[in-house]
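Proteins come first, then strands; the chains are lettered A, B, ... in the order of their sequence lines, and each starts at number 1. Remember, predicted model here, so these are calculated numbers, not experimental data.
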Protein chains: 2
Amino acid sequence: MYSQAAVSLTRSQAAPFAAAAEPAPTLRDLFKGQSAETLAAGEALFWEGDPAGQIFDVISGVLRVYRIMPDGRRAIMGFIHPGDVLGVSFQNRYLFTAEAVTEVKIRRFARSRFFGLINETPALRPQLFAILCDEMSAAQDQMLLLGRKNAEERVVSFLLSVHRKVGIGADIELPMSRLDMADYLGLTMETVSRMMTSLARRGLIALGARHTVTLRKLAALREIAGHDAEDEDIAAAPARRAVWPH
Amino acid sequence: MYSQAAVSLTRSQAAPFAAAAEPAPTLRDLFKGQSAETLAAGEALFWEGDPAGQIFDVISGVLRVYRIMPDGRRAIMGFIHPGDVLGVSFQNRYLFTAEAVTEVKIRRFARSRFFGLINETPALRPQLFAILCDEMSAAQDQMLLLGRKNAEERVVSFLLSVHRKVGIGADIELPMSRLDMADYLGLTMETVSRMMTSLARRGLIALGARHTVTLRKLAALREIAGHDAEDEDIAAAPARRAVWPH
DNA sequence: GCCGATTTGTAACAATGTGCAACACGCTCT
DNA sequence: AGAGCGTGTTGCACATTGTTACAAATCGGC
């Protein structure tokens with residue numbers, strides 16, 4: 001579940017590098033030696049405009065990344081989950097703020113060292129490229145959602161994408177607030193709430209404890225979301241192999 | 001003017017590579033040897049789902065890149081201008097259709113060869129990275145626009161971004177139709193039309209021949225667009241130097 | 001330079017989503 | 001267990017944008 005700036009490597013690194021001379025390192029291996037840090041819910045990891053000095057491996061918890069307009073309007077560009085790498089696609093400065101939604105555990109890595117290793121290690125380059133392509137792909141999905149889907153479609157698309165990313169059976173956890181969802185989906189808190197209620201009333205979902213939702217009729221939900229969303233599992237999986245394009 | 005998948009290198013390649021042993025090649029130099037092709041207005045360069053076999057250097061003309069929903073709704077992800085490189089940020093397949101808005105001249109380059117050269121030529125790698133970062137940055141701007149700006153702000157932001165990209169003095173050319181603009185801005189043709197009329201009535205812009213607009217009060221327009229847009233000239237320019245992050 | 005086709009502009013009306021306010025629910029603290 | 005607070009829900013009036021329909025302007029041929 002992200003539209004931006006972070007991409008799960010659990011899949012992207014799945015490519016077979018058996019042919020390489022030494023055991024091919026994966027990007028996430030780089031973080032192995034780094035010590036873990038903990039952020040409390042609500043704490044910022046970095047701010048829009050900060051010099052982009054580090055990249056981050058998310059071990060646990062969820063973050064939101066967002067930009068704010070001068071008058072206070074907020075647009076959340078994505079939610080960052082465990083397994084995602086955050087802060088890669090910047091040149092000089094971070095272009096959004098990253099903030100913990102829940103308690104979060106991360107590992108840091110200096111960008112200079114990161115790009116030094118990329119430069120020295122051919123096997124890492126397709127993986128970096130894969131991250132950036134996946135980010136773009138997610139951003140495109142989000143532009144389609146924001147530009148052309150109605151409120152219900154947006155909410156359902158969101159639920160399905162969370163389900164795909166971190167769903168356990170038919171249940172999903174939504175650790176973020178309704179306001180976070182609204183700022184991600186280009187809606188208001190109230191509209192999100194109304195859509196959730198409406199979906200529940202029709203038996204498409206069931207609202208459990210606070211942040212838990214059960215997707216009761218996956219097929220119907222996919223129908224509403226309009227292609228993409230969950231089908232991507234099949235459609236996009238091949239594209240996630242981290243092999244240099246050929 | 002793009003939100004997606006293509007980035008001008010005229011700026012990105014500006015970094016001084018004087019220190020390099022041999023004259024450092026720039027990405028766009030790669031296309032030098034390729035023969036130019038012409039597309040008529042309305043012709044597609046490639047389709048969403050096609051195997052991503054080539055990248056393209058746009059010499060002249062404008063293209064639109066878009067995705068279509070099963071029911072026909074269309075979301076334009078960006079407009080591609082001369083100097084942009086198109087088709088880079090894909091793994092296996094193109095994720096959108098690219099179609100000529102005007103007559104277009106392009107040069108092709110096989111992706112396999114492209115990435116081979118990237119692998120062999122360290123100086124090209126920061127440039128590729130810069131392209132991808134600029135694409136992400138543009139996509140983020142667009143998500144903010146689609147998620148949180150109203151119709152007037154969207155239209156003004158668009159006019160300013162066209163002005164920044166290809167404006168001559170206060171005049172801009174809008175080769176695309178109102179429908180194209182609408183599908184790019186998440187609005188309807190009629191709303192775009194209304195906003196343009198309203199801006200003209202208030203003297204902020206002047207509507208010339210069909211596809212020509214004069215920005216009469218830049219300051220006021222920038223105020224409406226809400227930060228970003230045109231200020232980026234100053235803010236983002238440093239980020240466009242194609243140096244490997246350090 | 002004229003004619004038909006296409007695109008754009010305008011206006012009346014409808015619908016979706018918003019804004020506000022009241023209220024309910026659930027969690028935490030004591 | 002109960003008070004208090006933050007968060008979520010719901011109803012209603014309203015605004016912005018979408019729809020529909022039609023008029024006007026522009027373009028592309030001939």
Q) Got A:L45 and A:L63 here, is their nearest side-chain heavy-atom distance under 4.5 Å? A) yes

Q) In terms of side-chain geometry, is the basic nitrogen of B:D57 or B:K32 positioned less than 4.0 Å from the acidic oxygen of its partner? A) no

Q. To 10°, what angle do the rotation axes through the five end pairs on each side of the helix from C:dG1-D:dC30 to C:dT30-D:dA1 form?
A. 50°

Q.
Using only atom types and a distance under 3.5 Å, with no angle test, would you say the side chain of A:H163 pairs donor to acceptor with the backbone of A:G169?
A. yes

(Q) Please check this pair: side chain of B:R73 against backbone of A:R148, looking for a donor-acceptor N/O pair closer than 3.5 Å. (A) yes

(Q) Can a side-chain donor-acceptor contact be found between B:R201 and B:T197 if the only test is distance below 3.5 angstrom? (A) no

**Q.** Between C1' of C:dT16 and CZ of A:R154, the distance in whole Å
**A.** 11 Å

(Q) Tell me the interatomic distance from B:R73, atom CZ, to C:dT16, atom C1', rounded to whole angstroms. (A) 13 Å

Q) So, are B:D141 and B:K149 salt-bridged, with charged N and O less than 4.0 Å apart? A) no

Q. Has the side chain of A:H211 got a donor or acceptor atom that lies under 3.5 Å from a matching backbone atom of A:L174?
A. yes

Q. A:E43 side chain to A:A100 main-chain N or O, any donor-acceptor pair under 3.5 Å?
A. no

Q) Reading nucleotides 8-18 of chain D 5' to 3', which nucleotides get B (base under 4.0 Å from a protein heavy atom), which S (sugar-phosphate only), which -? A) SBBBB----SB

Q | Separation of C:dG17 P from A:L145 CG (nearest whole Å) | A | 12 Å

